Peer 1: 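I have a structure here, written as structure tokens, and I will follow up with some questions on it.
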Amino acid sequence: MNIHFAPVQGHTDAPYRHFHAFCYEGINTYYTPFIRLERNELRNRDRKDFTSSLNGNCNLRPQIIFRNAEELNSLTTILKGDGVSAIDLNMGCPFPLQTGHGRGAATLSNHQLVDAVGNVISSSPEIDFSVKIRLGFNSPDEWQYLLKTLNNLRISHIAVHPRIARQQYSGDLYLDQFKAILQESKNPVIFNGDIKSLEDADRIKNLFPDIAGIMIGRGIIGRPSLAEELRQGREWDRAQRIEKMLEFHRLLLSHYEETLCGDSQLISKIKPFWEYAEDEIKRKAWKAIKKASNIAKYHSAVAMID
């Protein structure tokens with residue numbers, strides 16, 4: 001079972017990916033947070049992220065997000081020029097800041113743009129494309145036109161989060177729609193969404209034994225050992241998980257101390273490490289970390305984790 005680490009904006013940048021891969025095994029593919037154009041140009045921080053030397057210890061697939069054929073073509077051309085051989089197309093981001101501009105999950109109902117996606121994939125055989133989708137923006141059957149297009153192409157996989165954009169990350173999963181995609185797709189399909197434990201992963205594998213893998217984002221950020229536990233087929237005890245998580249945190253914090261300027265930058269960069277870890281580190285420590293207003297208070301809060 002392939003395990004893919006879904007990108008999470010503001011969390012899974014190059015240093016995070018590097019030190020996660022250093023501390024843990026189990027991830028087949030890491031993804032960059034989505035890369036987009038700003039004023040018709042690639043953002044410098046995006047290029048620095050996917051070209052960073054820190055990516056050398058993990059299998060990385062850059063992910064792009066686009067609102068029209070022009071952005072799609074420009075981004076693909078830029079990444080090709082930077083030597084990228086694999087690209088993930090984000091057609092599933094549910095955030096209004098992106099869907100409101102026609103990007104992410106809003107692309108599924110834009111049939112003209114879906115046709116452009118097909119043209120870009122078919123005209124770039126040197127690139128290994130994959131696609132990440134929601135079921136749709138308003139309706140859980142908006143994926144159908146895209147799937148017909150992709151079925152005429154050869155791609156690495158389709159990663160499907162079986163919700164619509166308006167649900168964000170809550171509400172019931174449309175597992176019947178996921179099953180239909182799995183049955184109809186001529187390309188490998190990966191399940192994405194709500195996997196936070198070994199039990200969650202086993203449930204999905206039992207429901208859909210033909211999936212090509214699973215994709216996990218927030219579940220790994222909250223429990224960084226999860227992929228390695230899945231690979232080993234055993235649940236680590238909490239003491240082992242916490243010990244390894246604190247080592248991961250120490251290495252990442254040390255890197256930020258060497259590369260960032262001032263305590264304000266440092267604390268704003270490292271605090272998101274714990275954002276999804278309330279269940280793992282317990283509420284008292286989690287709340288203390290969240291409230292920490294300076295580095296001294298932050299270190300004291302982290303010391304509460306046991």
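Predicted model, so just to flag it, every value in this text is computed and none were measured. We count residues from 1, following the sequence as given.
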Peer 1: Starting at CZ of Phe191, measure out to CD1 of Ile181 and round the result to the nearest 0.5 Å.
Peer 2: 10.5 Å

Peer 1: Do Ile289 and Leu252 sit in the same hydrophobic cluster, where Ile, Leu, Val, Met, Phe, Trp and Tyr count as joined when their side-chain heavy atoms come under 4.5 Å apart?
Peer 2: yes

Peer 1: Are Val114 and Leu150 connected into the same hydrophobic cluster when the rule is that any two of I, L, V, M, F, W, Y join if their side-chain heavy atoms are below 4.5 Å apart?
Peer 2: yes

Peer 1: Before accepting this row, confirm whether a basic side-chain N of the pair Arg36/Glu38 lies closer than 4.0 Å to the acidic partner's carboxylate O.
Peer 2: yes

Peer 1: Under the side-chain hydrogen bond (donor to acceptor under 3.5 Å, both in side chains) rule, what pairs show up with a residue in residues 173-187, not counting sequence neighbours?
Peer 2: Trp143-Gln177

Peer 1: Looking only at side-chain N and O atoms, does His18 offer a donor or acceptor that is under 3.5 Å from a partner on Asn55?
Peer 2: no

Peer 1: To the nearest 0.5 Å, what is the distance between CZ (Arg17) and CG (Asn59)?
Peer 2: 11.5 Å

Peer 1: Using modelled atom types only, decide if a donor and an acceptor are shared between the side chain of Arg134 and the backbone of Gln168 within a distance under 3.5 Å.
Peer 2: yes

Peer 1: Shared ILVMFWY cluster between Phe34 and Ile216, side chains joined below 4.5 angstrom?
Peer 2: no

Peer 1: Answer yes if the ring centres of Phe248 and His20 are under 6.0 angstrom apart, and no otherwise.
Peer 2: yes

Peer 1: Please report the shortest heavy-atom distance between Val84 and Ile87, naming the atom on each side.
Peer 2: CG1-CG1, 3.8 Å

Peer 1: Is any NZ, NE, NH1 or NH2 atom of the basic residue among Glu275 and Arg218 found under 4.0 Å from an Asp or Glu carboxylate oxygen of the other?
Peer 2: no

Peer 1: Rounded to the nearest 0.5 Å, what's the gap from CD on Gln63 to OG on Ser130? Could you check?
Peer 2: 8.0 Å

Peer 1: Is it true that a side-chain atom of Thr12 and a backbone atom of Val8 form a donor plus acceptor pair closer than 3.5 Å?
Peer 2: yes

Peer 1: Please say whether more than 12 non-hydrogen atoms of neighbouring residues, nucleotides or ligands are located less than 6.0 Å from CG in Asp279.
Peer 2: no

Peer 1: When you measure from the centre of the six-membered ring of Tyr30, is the NZ or CZ of Arg61 under 6.0 Å away and within 45° of the axis?
Peer 2: no

Peer 1: Check for a donor-acceptor pair, side chain of Ser122 on one end and backbone N or O of Asn119 on the other, with a separation under 3.5 Å.
Peer 2: yes

Peer 1: Please list every donor-acceptor pair under 3.5 Å in which a side-chain atom of residues 291-306 meets a protein atom from a residue at least two apart or in another chain.
Peer 2:
{"unit_1": "Asn294", "atom_1": "OD1", "unit_2": "Ala296", "atom_2": "N", "d": "3.2"}
{"unit_1": "Asn294", "atom_1": "OD1", "unit_2": "Lys297", "atom_2": "N", "d": "2.8"}
{"unit_1": "Tyr298", "atom_1": "OH", "unit_2": "His249", "atom_2": "NE2", "d": "2.6"}
{"unit_1": "Tyr298", "atom_1": "OH", "unit_2": "Trp274", "atom_2": "NE1", "d": "2.8"}
{"unit_1": "Ser300", "atom_1": "OG", "unit_2": "Ala296", "atom_2": "O", "d": "3.1"}

Peer 1: So do Lys132 and Leu89 actually touch side chain to side chain, heavy atoms under 4.5 Å?
Peer 2: no

Peer 1: Can you check whether Cys93 reaches Ile65 side chain to side chain, under 4.5 Å on heavy atoms?
Peer 2: yes

Peer 1: Find out whether Tyr16 and Leu54 are in side-chain contact, i.e. whether some heavy atom of one side chain is under 4.5 Å from a heavy atom of the other.
Peer 2: no

Peer 1: Side-chain heavy atoms nearer than 4.5 Å, only ILVMFWY residues, links allowed to pass through others: does that put Tyr169 and Phe137 together?
Peer 2: no

Peer 1: Would you please say whether a donor-acceptor pair under 3.5 Å links the side chains of Thr32 and Asp49?
Peer 2: no

Peer 1: Given side chains that start at C-beta, do those of Phe50 and Leu79 come closer than 4.5 Å, heavy atoms only?
Peer 2: yes

Peer 1: CZ of Phe22: more than 12 outside heavy atoms within 6.0 angstrom?
Peer 2: no

Peer 1: Output the distance between atom CG (Asn2) and atom CD1 (Ile214), rounded to the nearest 0.5 Å.
Peer 2: 9.5 Å

Peer 1: Just verifying a value: how many Å separate Lys287 NZ and Glu278 CD, rounded to the nearest 0.5 Å?
Peer 2: 9.0 Å

Peer 1: Heavy atoms, side chains only, cut-off 4.5 Å: are Asn73 and Phe66 in contact?
Peer 2: no

Peer 1: Drop me the distance from Leu146's CG to Ser109's OG, to the nearest 0.5 angstrom.
Peer 2: 11.5 Å

Peer 1: Just to verify, what does His101 make a side chain to side chain contact (heavy atoms under 4.5 Å, CB included) with, not counting sequence neighbours?
Peer 2: Arg67, Arg103

Peer 1: Is any side-chain heavy atom of Thr107 closer than 4.5 Å to one of Ile133?
Peer 2: no

Peer 1: Side chains of Glu229 and Leu198: closer than 4.5 Å at any heavy-atom pair?
Peer 2: yes

Peer 1: Indicate yes or no: at least one non-hydrogen side-chain atom of Leu175 is less than 4.5 angstrom from one of Phe208.
Peer 2: yes

Peer 1: Tell me which pairs pass side-chain hydrogen bond (donor to acceptor under 3.5 Å, both in side chains) where either residue lies in residues 193-203, with sequence neighbours left out.
Peer 2: Arg163-Asp194, Ser197-Glu199, Ser197-Asp200

Peer 1: Examine Tyr31 together with Phe5 and report whether their ring centres are nearer than 6.0 Å.
Peer 2: no

Peer 1: What heavy-atom pair brings Leu72 and Val120 nearest, and what distance separates the two atoms?
Peer 2: CD2-CG2, 3.7 Å

Peer 1: Take Phe273 and His11 through the test ring pair (Phe, Tyr, Trp, His ring centres under 6.0 Å) and record every step on the way to the result.
Peer 2: CA-CA 7 Å; Phe273 181 91; His11 293 267; 9.3 Å; no

Peer 1: Keeping to residues at least two apart or across chains, list the side-chain hydrogen bond (donor to acceptor under 3.5 Å, both in side chains) pairs with something in residues 230-240.
Peer 2: Asn28-Arg231, Arg223-Glu235, Glu228-Gln232, Gln232-Arg234, Gln232-Trp236

Peer 1: Got a donor-acceptor contact below 3.5 angstrom from the Ser124 side chain to the Ile121 backbone?
Peer 2: no

Peer 1: Has Tyr24 got a side-chain atom pairing as donor or acceptor with Met245's backbone, closer than 3.5 angstrom?
Peer 2: yes

Peer 1: Are the side chain of Asn152 and the backbone of Lys148 linked by a donor-acceptor contact shorter than 3.5 Å?
Peer 2: yes

Peer 1: Test of understanding: clusters of I, L, V, M, F, W, Y form through side-chain heavy atoms closer than 4.5 Å, transitively. Do Met215 and Leu226 belong to the same one?
Peer 2: no

Peer 1: For residues 257-273, which residue pairs qualify under side-chain hydrogen bond (donor to acceptor under 3.5 Å, both in side chains), counting only residues two or more places apart or in two chains?
Peer 2: Asp13-Lys269

